[in-house]
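Shown next, in structure tokens, is the structure this report addresses.
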Amino acid sequence: MNDEARQCLQLQNSVTDIAKAVEILSSGGLVAVPSETVYGLGADATNSSAVQKIFTAKKRPAGHPLIIHVTNIESARTFSSDFNEVAETLGSAFWPGPLTLLVKRSSKVIDEITGGRETVALRVPAHETFQKVLAAFSQIASGAIAAPSANLYGSVSPTTAEHVLSDMGHLIDAIIDGGQCAVGIESTIVDCTVNPPTILRQGAITLDLVNAALTPTGVIATEEINGDSRAPGMKLSHYAPRAGVKLFETKDSLFAYANQCDVNKVPYVSITGHEDPKLYARELYSLLRDADALQPHEILVLLPESTDIGKAIRDRLFKAAAPH
Ligand code: TXA
Ligand code: MG
């Protein structure tokens, strides 16, 4: 069947629909699933040809590693040959939730997932629907779902079922509609294999939260600097709308710039977000997608303060604004 002829099954959160989704996963198909961060493009993490389909559908370069999603910390341990004290502490503190742990892989992890690396990224998602899928999938098969964000490589991550359908509805077998993602930006990634443990991608679980959880262990985590990430695929010109993105630290500077624009020559859309960084994060990707759909020349965006999840929003916006 060619791509255009493919029908994407649209599923809900019912028992029969979850069973249908799991059946498709078991037979090597692609199912988009809602998570609390962004929608994931799921496949059986233990099936090489199913995992390969993720790369083809997303047009993601081979070798970019994927996150494995599992039901609980017990299952996560089986995918690592060294689920160390840092991983135990952070997994116990934040799972299920928007945190991904990078640990040494076990022999259960196939090469297609890690791009041949010795580490694997693991996450226990909190979204009720994703949890139901994982539980049902554990009953009949591996219970491990590889899932990158369900967008085409390099574009804005999806936080609603409509986003996924418009990007890749014709490339996947099914989608489960779980409503709008509550967090709205991708999980925090902590590399637990290095000393000190290091945040490779900012998210809702901030450095302060990580370090508060690690206090009893006496370990103090740090963050990568320079955006020179060891997690491939998180460098610049990612998360990018088609329009140019211009960033502002204050509303005054944004409005001053907008006022001197000749809208006939340089059509723009402005995004001022929300005072509450959690609400800003939840809406961020919808705001970028909606702005881009108007095909402006520029999208003017107000940066949030660098507190709480604001730091992760800034990280995504700097990437969206990078030349591409
Ligand atoms: O919130 C999320 O994390 C979402 C939901 C669906 O769980 N997933 C997600 O996946 O954002 P993806 O593939 O778009 O981003 C995963 C990031 C990539 O930048 C990848 O390079 C990094 O995790 N990663 C995965 N495995 C890795 C590894 N073994 N070493 C270094 N980086 C890794
Ligand atoms: Mg992604």
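As the structure lists them, so they are numbered: ligands from 1, and atoms in each ligand from 1.
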More than 12 non-hydrogen atoms from neighbouring residues, nucleotides or ligands closer than 6.0 Å to NZ on K278, yes or no? no
How does R201 reach ligand 1, if at all, at less than 4.0 Å between non-hydrogen atoms: by side chain, backbone, both, or neither? side chain
Ignoring angles and geometry beyond distance, decide whether T119 reaches within less than 3.5 Å of ligand 1 through its nitrogen or oxygen atoms. yes
Any non-hydrogen atom of H64 lying under 4.0 Å from ligand 1? no
Is the contact between I189 and ligand 1 made by the side chain, the backbone, both, or neither, using heavy atoms and a 4.0 Å cut-off? side chain
Would you check if the side chain of T89 reaches a backbone N or O of L214 as a donor-acceptor pair within less than 3.5 Å? no
Proximity winner for atom 1 (O) of ligand 1, if only heavy atoms of L99, T37, L200 are counted: T37
Give a yes or no on whether a salt bridge exists between D315 and K311, defined as a side-chain N under 4.0 angstrom from a carboxylate O. no
Would you say S149 has an N, O or S atom lying under 2.8 Å from the Mg ion (ligand 2)? yes
State if H69 counts as touching ligand 1 under the rule of any non-hydrogen atom under 4.0 Å. yes
Determine whether the aromatic ring centres of residues Y39 and H163 are separated by less than 6.0 angstrom. no
Using a strict 4.0 Å cut-off to heavy atoms of R60, name the atoms of ligand 1 that fall inside it. 12 (P), 13 (O), 14 (O), 18 (C)
Once salt bridge (Lys or Arg N to Asp or Glu O under 4.0 Å) is applied, what residue pairs with a partner in residues 26-41 remain, sequence neighbours excluded? E36-R123
Using the test salt bridge (charged side-chain N to carboxylate O under 4.0 Å, His left out), find all partners of E162 that sit at least two apart in sequence or belong to another chain. none
Determine whether the side chain, the backbone, both or neither of E186 has a heavy atom under 4.0 Å from any heavy atom of ligand 1. both
For ligand 1, which atoms sit closer than 4.0 Å to a heavy atom of A121? 25 (C), 26 (N)
Has T78 got a side-chain atom pairing as donor or acceptor with S75's backbone, closer than 3.5 angstrom? yes
Hey, does R123 come in under 3.5 Å of ligand 1, counting only N/O atoms on both sides? yes
Numbering as shown, the atoms of ligand 1 that approach S187 to under 4.0 Å (heavy-atom distance): 1 (O), 2 (C), 3 (O)
Which ligand 1 atoms, with their elements, are less than 4.0 angstrom from a heavy-atom of S149? 8 (N), 9 (C), 10 (O), 12 (P), 14 (O)
Restricting to heavy atoms, the pick from V120, I185, I67 nearest atom 16 (C) of ligand 1 would be I67
Counting distance only, does the side-chain N/O of R60 pair as donor-acceptor with the main-chain N or O of P65 below 3.5 Å? yes
Measure from NZ or CZ of K59 to the centre of the six-membered ring of Y153, then state whether that distance is under 6.0 Å and the direction lies within 45° of the axis. no
Lys/Arg-Asp/Glu bridge criterion (N-O < 4.0 Å) met for E112, K53: no
Which atoms of ligand 1 are found less than 4.0 Å from any heavy atom of A147? 6 (C), 8 (N), 10 (O)
